[in-house]
Student: 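Structure in structure tokens, see below.
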Number of protein chains: 2
Amino acid sequence: MNLEETTVNSALVYDGKVVKLFLDDVLIQNGEKVKRERIIHPGGVGILALTDEGDILLVKQFRYGAMQVIDEIPAGKLEPFEDPEECGRRELYEETGYKAASFEKLLELYPTPAYDSEKIYVYFASQLTKIDDETHLDDDEFLENIAVPAEEALRRIIKGEITDAKTVAAVMKAKLLGKF
Amino acid sequence: MNLEETTVNSALVYDGKVVKLFLDDVLIQNGEKVKRERIIHPGGVGILALTDEGDILLVKQFRYGAMQVIDEIPAGKLEPFEDPEECGRRELYEETGYKAASFEKLLELYPTPAYDSEKIYVYFASQLTKIDDETHLDDDEFLENIAVPAEEALRRIIKGEITDAKTVAAVMKAKLLGKF
């Protein structure tokens, strides 16, 4: 079966700071033309950072989409033309003050592929050194750093207390790969 | 640290079929007022369905946000006031023709908590019976059903060939819980 869809026309309906929203005319599989909404997001990077003591670094942060404070791995948006690994190293430093001697790709996720272009790159960072006791956040960014033993973070995920998708996927994959 | 943010004003900038987009004035932690974009989505439900033969049911589908054909567990949007479990049973039947005697909550995820309200509920469905060889899809929905041995689905996730967040999280959690 041919599953492809073809964009016939694309209309920008909102051009924002974080997202753009397009309303497109799309030719679908039965030859009909339908409207599809598509959010364009620059993409994100998360970092599963494991200290030499076996702790995972998490940040506690009010997330305006979910309208609540949630725990998640350090993460941020890609800047234009930024390499995902560079972004990951930058965000790890900005949000936690740590640098990592080892930084490897852990996984890539589409969090909401149906209507949003966002792709999230997640890295596994280890051999950490704390460079700075201060964080270097954006003016509108406030967060609390916590360090949680890896098995405890996994337990909180299994119990449903951590619900951020990239964090859930990253910690479980690290466990299955024997990283802790 | 008080991490809460307070919405002072909320302006609807786009009211679509799948999403609404609001541009809000928000009082942040340092007392300043900033603009925040928030996408409102009705929420979604995914179903990790495991057959008696040990296969996981996947659907192959063009996803307009990701602009590609991807493999994922059956899933759909919540209808207004719909119970997530009812939605899961409905979507499983509509997309695969199966009904499940056992249907239990597996996990809840916020795929993109920073700017999108969407919450995804994922159920683990087993003791499956194929009720119908036909699918019952929306007019603009086309997909291909595949059944993949559970360990093979996990291998594809570990290798990075399956990237849909709810699918990645659901299969790994089912593995860690000893469901296969």
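The sequence lines fix the lettering, A, B, ..., with proteins before strands; numbering per chain opens at 1. All values below were derived from every heavy atom in this structure, side-chain atoms included, with hydrogens, water molecules and symmetry-related copies excluded.
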Student: Determine, stepwise, if the pair Lys130(A) / Thr96(A) fulfils side chain to side chain contact (heavy atoms under 4.5 Å, CB included).
Tutor: CA-CA 8 Å; Lys130(A) 186 141 201 180; Thr96(A) 71; over 6 Å; no
Student: For Glu37(B) and Lys17(A), indicate whether the former's side chain and the latter's backbone hold a donor-acceptor pair under 3.5 Å.
Tutor: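 Yes, Glu37(B) side chain to Lys17(A) backbone: donor-acceptor pair under 3.5 Å.
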Student: At a heavy-atom separation under 4.5 Å, does Tyr115(B) approach chain A through its side chain, its backbone, both, or neither?
Tutor: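 Answer is both: backbone and side chain atoms of Tyr115(B) are under 4.5 Å from chain A.
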Student: Side chain from CB out, backbone as N, CA, C, O: work out which of these in Leu176(B) comes under 4.5 Å of a heavy atom of chain A, or both, or neither.
Tutor: side chain
Student: Taking the six-membered ring of Tyr123(A) as reference, does the NZ or CZ atom of Lys105(A) fall below 6.0 Å from its centre and within a 45° cone about the axis?
Tutor: no
Student: As a quick check of understanding, evaluate side chain to side chain contact (heavy atoms under 4.5 Å, CB included) for Lys99(B) and Leu92(B), giving each step before the final call.
Tutor: CA-CA 7 Å; Lys99(B) 295 207 169 179; Leu92(B) 178 63; over 6 Å; no
Student: Less than 4.0 angstrom from a charged side-chain N to a carboxylate O is my criterion; do Glu85(B) and Arg89(B) meet it?
Tutor: yes
Student: Can you tell me which portion of Ile39(B) sits under 4.5 Å from chain A's heavy atoms? Options are side chain, backbone, both or neither.
Tutor: side chain
Student: Looking at Lys175(B) and Glu151(B), is there a salt bridge between them, counting it only when a charged N and a carboxylate O are closer than 4.0 Å?
Tutor: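 Yes, Glu151(B) and Lys175(B) are salt-bridged.
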Student: CD1 of Ile73(A) to CD1 of Ile120(A): how many Å apart, nearest 0.5 Å?
Tutor: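 Here the rounded value is 8.5 Å.
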Student: Top residue by heavy-atom pair count (under 4.5 Å) with chain A, among Pro113(B), Ala165(B), Gly44(B)?
Tutor: Pro113(B)
Student: Below 4.5 Å from any heavy atom of chain B, which atoms of Val13(A) appear? Answer side chain, backbone, both or neither.
Tutor: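 Only the side chain of Val13(A) comes within 4.5 Å of chain B.
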Student: Tell me whether Arg63(A) forms a cation-pi arrangement with Tyr110(B), defined as NZ or CZ under 6.0 Å from the six-membered ring centre and within 45 degrees of its axis.
Tutor: no
Student: Ignoring hydrogens and geometry, is there a side-chain-to-backbone donor-acceptor pair from Arg38(A) to Asp116(A) under 3.5 Å?
Tutor: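 Pair absent, no side-chain N/O of Arg38(A) close to backbone of Asp116(A).
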Student: Could you tell me which portion of Thr167(B) (side chain, backbone, both or neither) has an atom closer than 4.5 angstrom to a non-hydrogen atom of chain A?
Tutor: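 Contact with chain A: none, neither part.
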Student: Using non-hydrogen atoms and a limit below 4.5 Å, what part of residues 132-142 of chain A faces chain B?
Tutor: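 Near chain B, by residue number: Asp139(A), Asp140(A), Phe142(A).
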Student: Given the options Glu4(A), Arg36(A), Lys35(A), which has more heavy-atom pairs under 4.5 Å with chain B than any of the others?
Tutor: Arg36(A)
Student: Whether Glu72(B) and Lys60(B) form a salt bridge (side-chain N of Lys/Arg under 4.0 Å from carboxylate O of Asp/Glu) is what I want to check.
Tutor: no
Student: Give a yes or no on whether the backbone of Asp55(B) and the side-chain of Thr51(B) come within a donor-acceptor separation of less than 3.5 Å.
Tutor: yes
Student: Please identify, among Gly160(B), Ala170(B), Gly16(B), the residue contributing the most non-hydrogen atom pairs under 4.5 Å to chain A.
Tutor: Gly16(B)
Student: Decide yes or no on salt bridge (Lys or Arg N to Asp or Glu O under 4.0 Å) for Lys179(A) and Glu104(A), but give the supporting numbers first.
Tutor: CA-CA 12 Å; Lys179(A) 298 285 190 188; Glu104(A) 46 183 311; 3.2 Å; yes
Student: Is chain A contacted by the side chain of Gln61(B), its backbone, both, or neither, given a heavy-atom distance below 4.5 Å?
Tutor: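 Gln61(B) touches chain A through backbone heavy atoms alone.
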Student: Against chain A, label Ile157(B) side chain, backbone, both or neither, depending on which of its atoms sit under 4.5 Å from a heavy atom there.
Tutor: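 The backbone, not the side chain.
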Student: Considering only heavy atoms, give the residues of residues 19-34 of chain A separated from chain B by less than 4.5 Å, sorted numerically, with 'none' for an empty result.
Tutor: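 Under the 4.5 Å heavy-atom cut-off, Val19(A), Leu21(A), Leu23(A), Asp24(A), Val26(A), Ile28(A), Gln29(A), Asn30(A), Val34(A) qualify.
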Student: Can you tell which of Ile70(A), Ile162(A), Thr7(A), Leu107(A) has the highest number of heavy-atom pairs within less than 4.5 Å of chain B?
Tutor: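 Sorted descending by pairs with chain B, the first entry is Thr7(A).
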Student: Keeping the roles fixed (side chain from Glu82(B), backbone from Glu79(B)), state whether a donor-acceptor pair exists under 3.5 Å.
Tutor: yes
Student: Is any side-chain N of the basic residue among Arg90(A) and Glu94(A) closer than 4.0 Å to the acidic one's carboxylate O?
Tutor: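 Yes, charged N to carboxylate O under 4.0 Å.
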Student: Identify which part of Leu143(A) has an atom lying under 4.5 Å from any heavy atom of chain B, answering side chain, backbone, both or neither.
Tutor: backbone
Student: Let me know if Lys119(B) has heavy atoms under 4.5 Å from chain A in its side chain, its backbone, both or neither.
Tutor: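 When you check distances to chain A, no heavy atom of Lys119(B) falls under 4.5 Å.
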Student: So do Leu177(B) and Ile158(A) actually touch side chain to side chain, heavy atoms under 4.5 Å?
Tutor: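 Yes - at least one pair of side-chain heavy atoms lies under 4.5 Å apart.
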Student: What distance do Leu78(B) atom CG and Glu118(B) atom CD have between them, rounded to the nearest 0.5 Å?
Tutor: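 Here the interatomic distance stands at 9.0 Å.
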